[in-house]
Every structure is written in structure tokens, then in C-alpha cells.
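Take a look at the structure set out below.
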Amino acid sequence: MHLDFLGSLERTQTCGELRPEQAGADVVLMGWVNRRRDHGNLIFLDVRDRTGITQVVLDKELDGAAHAKGEAARPEYVVAVKGTVRLRGAGLENPNMLTGAIEVVATELLLLNDAKTPPFSPAEDAIANEEVRLKYRYLDLRREEMQRNFALRSRVAMAIRNYLVDEGFLEIETPFMTRSTPEGARDYLVPSRVHAGNFYALPQSPQIFKQILMISGFDRYFQIARCFRDEDLRADRQPEFTQIDLETTFPKQETIFRIVEGFLRAAFATAGVTIQGGFVRMTYDEAIRRYGIDKPDMRLPAMVDLTEVLTPELRTTLKVEQGLPVIGFTVPKAGVLSGTQKRALVEEIRGSFGDCGLDFLDVARLRTNEAFQPLAEAIAAKLNAEQIVFGGNNFTTDDLAIVITPKLGTPETWNYDPQWIPKKVGALRLELGKKFADKHGLFAKTGTARDYKFLWVTDFPMYEWDEAAGVWQAAHHPFTSPHEDDITSGRLVHDKGAVRALAYDIVLNGTELGSGSIRIHRKDVQAEIFRSLGMSDEEAKERFGFFLDALEYGTPPHGGIALGLDRIVMILAGATSLREVIAFPKTAKAIDLMVDAPTPVSEAQMRELSLRTVTRS
RNA sequence: GGGGACGUAGCUCAGUUGGUUAGAGCGCUGCCCUGUCACGGCAGAGGUCGCGGGUUCGAGCCCCGUCGUCCCCGCCA
């Protein structure tokens with residue numbers, strides 16, 4: 001195989017831009033062979049780069065040398081084409097291609113590089129399995145969909161940068177090698193060569209640094225920052241991920257909300273999406289009560305409390321214990337279920353609840369039984385009202401309604417934690433929502449604005465009770481400020497369970513996009529929080545001494561937020577895994593299949609770092 | 001740490017009750033073809049049925065173990 005050098009040839013156009021207006025022009029295109037169609041004395045080469053595909057014609061009669069090279073060309077060869085743009089003849093246009101009205105008649109073809117037959121073709125729509133894609137990531141990334149995802153990611157990041165810079169934010173970098181910060185995840189550690197037995201930690205977030213930057217008087221900081229957390233992966237969780245991290249001095253919650261809403265509108269605009277209307281606000285308590293989760297997916301109707309609807313008489317008929325809570329929800333457009341389908345669904349729901357003391361009645365079934373008609377109608381009316389509030393369609397027989405109530409002989413569990421029932425039912429709501437997604441179409445990635453339901457969840461509890469350890473833990477991180485009146489009222493000391501944090505999450509379609517808070521800026525309040533978490537002064541000093549020192553030198557009120565860039569892009573790309581928007585992601589076991597990391601290191605490297613491996617039992 | 005799905009040709013998959021020589025489409029190789037665009041025609045190559053063990057006269061199929069990928073729970077403020 002003879003390969004050509006580029007010589008003095010320069011690319012004049014990309015493969016996606018030629019139009020009829022350029023007919024007659026002499027051009028030079030460079031790219032990969034997407035497909036080759038060989039008709040003997042006439043060969044078509046589709047040449048691809050990231051902007052698109054252009055059809056190149058190699059005619060033996062017009063140019064025998066170019067044609068001969070075209071015979072040798074194979075998919076994924078890298079070529080340079082010198083030729084003339086020509087309008088395609090009548091009936092020969094390809095309306096499916098942006099460049100389909102023209103073709104380039106080659107006068108010279110250079111084979112710049114050959115290519116082994118790839119394990120899968122970047123030109124095909126069908127995608128290979130995840131393992132092969134990740135091993136040959138460079139080929140997978142050549143696919144049009146992936147090229148589009150990363151172009152989108154670049155535009156989104158740029159839109160956010162521009163917005164924040166315009167709002168007076170400074171982009172400042174913070175260290176990758178630092179010490180453990182107070183997030184709750186496991187750290188990735190970096191051994192120190194100079195200080196045997198000591199380790200840096202990779203940041204789980206730049207939390208403390210950005211607060212220090214506020215103390216330093218930078219007023220407004222942001223960073224598109226890489227963060228590292230050594231926890232098990234999910235489709236929406238990678239061990240290293242990117243946050244849009246920001247902090248400002250003298251903020252109200254509203255200040256943060258306005259900024260975030262502003263850059264999200266800008267970011268979505270670059271993807272061609274106009275965010276309609278406002279961002280819904282909801283307290284944590286309301287989110288749990290109505291959705292059973294702290295990140296509600298509002299594309300589905302909320303749960304409704306039917307406790308009052310079940311009158312004592314109905315409870316007797318239905319054998320539902322008096323006074324116990326009853327929760328209902330609907331799955332829109334699930335369709336009228338056959339008896340068999342209903343029985344299967346019943347079994348499935350029982351299975352998902354397991355032996356946990358919840359039972360359910362389904363309205364569709366009740367409707368067929370005259371004795372239960374009043375209940376069915378009451379429930380339907382109640383669910384209907386709820387749907388109208390959220391702009392959905394009216395409840396019809398196509399909609400599946402599920403009503404959950406504790407069983408007779410309920411275990412203690414639900415009684416001891418008032419959130420237990422709504423959380424359980426909320427999980428079922430999502431499960432069924434996914435199960436019938438094809439029917440209701442509410443999760444479809446159509447790109448229309450109404451598919452994006454934004455939500456601020458506010459007033460998270462400051463503390464959560466750690467049953468195992470028997471102590472109160474910070475629900476957010478220990479620099480989060482409580483509501484001012486929870487401090488002045490004394491609740492901070494006497495009623496920890498009721499203390500609300502000035503913490504907020506931004507949620508989109510059931511995904512937590514970001515989380516932030518107004519921080520503590522006073523040393524006395526900070527000390528009180530540490531004390532309330534059972535942390536001694538010595539311990540606080542040991543872990544955060546430098547930060548407590550900084551707090552004493554004129555710390556302004558400040559607060560901020562961090563949003564997952566990967567998740568934002570994932571949703572905008574219509575993808576269901578972060579791997580689709582991270583160029584070189586890791587597998588569920590945190591392995592990079594392309595570079596094959598992690599690996600053992602040499603004995604010499606280990607010795608230099610004063611490390612030895614031991615077998616963990 | 002736990003649960004589930006998957007693993008058969010380069011890729012996507014089929015493979016019946018355990019029974020002859022494990023198939024298809026795409027891709028690949030060679031030849032033919034001047035208007036294709038998922039080109040077409042003819043011919044051909046290509047298999048450690050993830051790996052190890054077991055049951056059996058006989059295992060892609062059954063059993064045990066193990067590895068890998070994916071999804072979920074725990075975990076991740």
C-alpha cells in the first residue's frame with residue numbers, strides 16, 4: 001500500500017459545507033472514507049469529517065490515477081481530495097445529505113493513511129456493545145451522534161462561561177492535590193513522595209477553596225471544575241465528573257436562583273431549547289409529601305393524599321384500618337388493562353413492595369365493582385384536580401390509578417418514620433412511570449420546552465438522625481447556614497430535627513442537577529454547628545483549623561452552588577448515561593477499558609512512595 | 001456488600017426437549033459492474049459458543065464456580 005504525504009496541499013473546505021453556490025469551484029477536502037460504492041469504472045467515495053459528509057466521484061475516464069487510488073481506498077482510510085464542485089444531475093440529488101445537491105469530481109486523490117478494518121463501523125447507525133465501544137473509544141467517538149454530543153457540551157460550557165463572566169464572576173482554578181474536604185464520599189488519594197506516609201486527596205469539590213476565595217475578597221468566583229469521588233457508579237455517576245462551581249458574597253437565596261436560572265436559560269438556548277416559564281419552588285417537606293423523593297420528576301402527576309377520601313364506611317368495606325394514611329397516584333395513558341395484565345401488575349407491585357406492610361387498591365378495578373363506585377369517583381375527582389394543577393390531561397379510563405395504604409397488621413416501620421410511606425410510594429410512582437413510558441410519552445426526548453420541568457427544592461433539614469451511630473449528622477455539609485430564625489429561636493440547640501438549612505437543590509426531570517447553600521460566615525455559629533454534630537473543638541481544629549482561622553479575619557456572608565455539567569449535557573443530548581457525554585468514561589467498576597487503568601505500578605515506584613500493598617481480608 | 005439482565009463469527013443476533021457438519025444479516029476478501037448514496041451481482045474466508053470444572057453415551061443448551069459489560073439497591077451531603 002503506497003501512502004501519500006500531504007505535501008503542500010491545504011484543505012479549503014470542510015466536508016459539511018459545500019452547497020450549489022460553490023458549483024464550479026476547485027476545492028480540497030480532507031477526511032475519512034465513510035463509505036465506498038464501487039461501480040467498476042465509476043467509484044463514489046463518501047468523505048467524512050466532523051462537519052458532515054461529501055460525495056466524491058472518481059471517474060476512470062476523467063482521471064485514471066485518482067480512480068486507481070479510489071479502488072484501494074477502504075472505510076476509515078484518511079484521504080485528501082482535490083477536485084471540482086459539480087451540481088448533481090436531475091434526480092441524482094440526495095435530500096438526506098446537507099451536501100446532497102452537489103458532489104466533488106476528483107482530479108487527485110491522496111491516500112494519507114490506511115486503516116485496519118474497524119471492529120465496528122463509525123458510519124453505521126447500529127451501535128456496538130458498551131465494552132467494545134469503550135475499548136475502541138476513538139472509533140466510537142467518530143460516530144455522528146457522539147460528535148454532536150461533544151459539540152453540544154462545548155457550546156453549553158461556553159454559554160455558561162460567557163454568562164457568568166458577564167455577571168461579574170472570575171474564573172479561578174483550585175488545586176487537584178489537596179487535603180480531604182468535608183463531603184461525605186470516599187477520597188481518591190495521592191501518595192506524597194517527599195512526605196512518606198502522607199497523602200493528598202483529590203477534591204470531591206472545591207468547597208473550602210471557594211469559600212476561602214470569598215474571604216479573599218474575590219466577590220464572585222466560578223470554575224468548571226473536575227471533582228473526584230470514590231463511590232460506586234451509576235448511569236448518572238462517574239468517579240470523576242465536572243461541576244459548574246460558583247460562589248458569591250452577600251447573596252440571598254434568590255440571588256443564587258436568579259444566576260443559575262440565567263445561565264441555564266443560556267445553556268439550553270445553545271441547544272435550541274427555550275425554557276418556558278419559571279422554575280417551580282418547593283420545600284423539601286412538600287417534595288417528600290407529594291413526590292416521596294427530594295428530586296421530584298414533575299413530568300408525572302404528583303401523589304395525592306386520599307386519607308380523608310376513605311370514609312370510615314369505605315374503610316370497613318375495603319378492610320382498610322381506620323385512621324391510617326392512604327396515598328394515590330396516576331400513571332397517565334397507561335391504557336385500559338386486561339384482567340391478565342392487571343393481575344400481572346398486581347403481582348409486580350406486591351413484589352416491589354415486598355413484605356413491607358403496604359398494600360394497594362387500584363381504581364380501575366374498583367370502578368367495575370358497584371359497591372366501590374363512590375370511592376372510585378371520589379378518587380378520580382381528587383386525582384383529576386391534581387392533574388389540572390399541573391396542566392395535564394383530565395383523568396380518564398386510560399389513566400392508571402394506584403392507591404396505596406398500609407396493610408392490616410402493619411409493622412412498626414412506617415409509624416416510626418413519617419417519610420417512610422411517601423418514599424416507598426414515590427419509588428413505585430417512578431417505577432410505574434418508567435414502565436409505561438412508551439404509552440404516556442412524557443419522558444420522550446422530543447426537545448420541546450415542555451419536556452423540561454425545572455424545580456428548586458428548598459429548606460432541606462439541617463440535620464438527619466443517624467440511627468446506627470446514634471448522633472445527628474449534617475444533612476448537607478457542616479458549613480451550611482441554618483435559617484436565621486432557627487438560630488435566634490434556639491431550635492438549633494433544642495430541636496435539631498426541625499432546623500431548616502439554607503440549602504437548595506436544582507432538579508430537572510427527576511435528576512439532581514446541582515446543590516448549594518448559604519454558608520456560615522460567623523465563627524460563633526460555625527462553632528455551634530460543630531458542637532451540635534458532636535465534634536469537639538480539638539477535632540474541628542484538627543480537620544478545619546485553617547478554615548476556622550480564616551473565618552476570624554472578616555468573612556463576608558457568602559453562598560453558592562455547584563451543578564453537574566455532565567448531567568446537564570446528558571439531558572440536553574437526550575442520553576441516558578453520562579458515558580455518552582464524557583469523552584473517556586469509566587465502566588461500572590471504575591475501569592478505563594481503553595487505557596486499561598488502574599494498573600499495578602513497579603516495585604521501584606512503590607518504594608519511592610514508601611508504599612507496600614497488603615492483602616485486604 | 002447485595003439483587004437482576006446479558007456474554008455464540010469482526011459487529012448485531014437466532015439457535016427447538018441435551019442429539020448429525022453451530023446459522024442469519026451486516027462487515028471482510030476476490031472477481032464483475034459508469035449514477036450510486038444502507039449501490040448491485042457472483043464466489044469465498046471467518047467460531048476456544050467468555051473462562052474453569054461437573055453431570056451425561058453425548059453439552060452452545062443442564063449444574064457449580066469464575067471473569068467481564070450493563071441496570072438497580074446500599075453508598076454518593
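Within every chain, numbering begins at 1; the chains are lettered A, B, ... in the order of the sequence lines, protein sequences first and strands thereafter. What you see is a predicted model, and the numbers here were worked out from it, not measured in a lab.
- Separating the NZ atom of A:Lys435 from the P atom of B:G4 is a distance of 18 Å, rounded to the nearest angstrom.
- A:Gln238 comes within contact range of no nucleotide atom at all, as no heavy-atom separation falls under 4.0 Å.
- For residues 115-136 of chain A, there are no ring-ring contact (aromatic ring centres under 6.0 Å, His included) pairs, not counting sequence neighbours.
- Heavy-atom nearest nucleotides on RNA chain B were determined for A:Ala475 and for A:Arg86, and the one closer to the 5' end corresponds to A:Arg86.
- When Watson-Crick and G-U wobble pairs are counted only if both distances are under 3.5 Å, B:G65 pairs with B:C51.
- No hydrogens or angles were tested; on distance alone, nothing pairs the side chain of A:Arg133 with the base of B:C11 as donor and acceptor under 3.5 Å.
- No engagement by A:Gln473 is indicated, since no non-hydrogen atom pair under 4.0 Å with the nucleic acid exists.
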Could you list the protein-to-nucleotides 31-33 of chain B atom pairs, N/O on both sides, closer than 3.5 Å?
from  : atom 1 : to      : atom 2 : distance (Å)
B:C33 : N3     : A:Asp38 : O      : 2.8
B:C33 : N3     : A:Gly40 : N      : 3.4
B:C33 : N4     : A:Asp38 : O      : 3.3
B:C33 : N4     : A:Asp38 : OD1    : 3.2
B:C33 : N4     : A:Gly40 : N      : 3.4

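- Looking at the side chain of A:Asn94, the nearest of the listed nucleotides B:U34, B:C37, B:G35 is B:C37.
- Shown here are the salt bridge (charged side-chain N to carboxylate O under 4.0 Å, His left out) partners of A:Asp38, two or more places apart in sequence or in another chain: A:Arg36.
- Base pairing of B:A22: no nucleotide in any strand meets the Watson-Crick or G-U wobble criterion (both distances under 3.5 Å).
- Contacts of A:Asn96 with the nucleic acid, taken as non-hydrogen atoms under 4.0 Å apart, are absent.
- Close to B:C39, at under 4.0 Å from its OP1 or OP2, lies a side-chain N or O of A:Arg37.
- Under the 3.5 Å distance criterion, with hydrogens and angles disregarded, no donor-acceptor pair is assigned to the side chains of A:Glu103 and A:Thr54.
- Every residue meeting the salt bridge (charged side-chain N to carboxylate O under 4.0 Å, His left out) condition with A:Glu580, not counting sequence neighbours, appears here in chain and number order: A:Arg133.
- Across all strands shown, nothing is found opposite B:G58 as a Watson-Crick or G-U wobble partner with both distances under 3.5 Å.
- Stacking here means ring centres nearer than 5.5 Å and ring planes tilted less than 30 degrees, and by that measure A:Phe120 does not stack onto B:C11.
- In this structure A:Phe241 satisfies the ring-ring contact (aromatic ring centres under 6.0 Å, His included) test with no other residue, sequence neighbours excluded.
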Interface polar pairs with nucleotides 68-70 of chain B, N/O, under 3.5 angstrom:
from  : atom 1 : to       : atom 2 : distance (Å)
B:G68 : OP2    : A:Lys589 : NZ     : 3.4
B:G68 : O2'    : A:Glu131 : OE1    : 3.4
B:G68 : O2'    : A:Glu131 : OE2    : 2.6
B:U69 : OP1    : A:Thr587 : OG1    : 3.3
B:U69 : O4'    : A:Glu131 : OE1    : 3.3
B:C70 : OP1    : A:Ala588 : N      : 3.3
B:C70 : OP2    : A:Ala588 : N      : 2.8
B:C70 : O3'    : A:Arg579 : NH2    : 3.0

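- Residue A:Thr117 is classed as a sugar-phosphate contact, given heavy-atom separations below 4.0 Å to backbone atoms only.
- Nucleotides B:G23 and B:U56 are separated by 29 Å at their P atoms, to the nearest Å.
- Residues in residues 495-504 of chain A take part in these salt bridge (charged side-chain N to carboxylate O under 4.0 Å, His left out) pairs, two or more places apart or across chains: A:Asp485-A:Arg500, A:Asp486-A:Arg500.
- Comparing B:C11, B:C28, B:U34 by their closest approach to the side chain of A:Pro75 singles out B:C28.
- When each of A:Arg35, A:Lys116, A:Arg48 is tested with A:Glu76 by the rule salt bridge (Lys or Arg N to Asp or Glu O under 4.0 Å), just one qualifies, namely A:Arg48.
- Using bins of under 30°, 30° to 60° and over 60° for the plane-to-plane angle, the ring pair A:Phe228/A:Phe176 lands in the perpendicular bin.
- Nucleic acid contact class of A:Arg48 (heavy atoms, under 4.0 Å, all strands): none.
- Taking only side-chain nitrogens and oxygens, A:Arg234 comes nearer than 4.0 Å to OP1 or OP2 of B:C73.
- Following rounding to the nearest Å, A:Asp114 (CG) and B:C28 (P) show an atom-to-atom distance of 15 Å.
- Between A:Arg229 and B:A77 there is a side-chain N or O to OP1 or OP2 distance below 4.0 Å.
- Considering only residues two or more places apart in sequence or on other chains, A:Glu231 meets the salt bridge (charged side-chain N to carboxylate O under 4.0 Å, His left out) condition with A:Arg186.
- Nucleic acid contact for A:Glu103: base, since at least one base atom lies under 4.0 Å from a heavy atom of the residue.
- If you check every strand for non-hydrogen atoms under 4.0 Å, A:Arg74 touches sugar and phosphate atoms only.
- Applying the Watson-Crick and G-U wobble criteria (two distances, each under 3.5 Å), B:U36 pairs with nothing in any strand.
- Between A:Glu93 atom CD and B:G35 atom P the separation is 16 Å, expressed in whole Å.
- Sorted by first and then second residue, the salt bridge (charged side-chain N to carboxylate O under 4.0 Å, His left out) pairs involving residues 61-74 of chain A (not counting sequence neighbours) are A:Asp4-A:Lys69.
- Backbone-only contact: A:Arg35 has heavy atoms under 4.0 Å from sugar-phosphate atoms and none from a base.
- If you take CG of A:Leu563 and P of B:A77, they are 16 Å apart, rounded to a whole angstrom.
- A donor-acceptor contact closer than 3.5 angstrom is absent between the side chains of A:Arg86 and A:Thr84.
- Below the 3.5 angstrom threshold, one finds a donor paired with an acceptor across the side chain of A:Arg88 and the base of B:C37.
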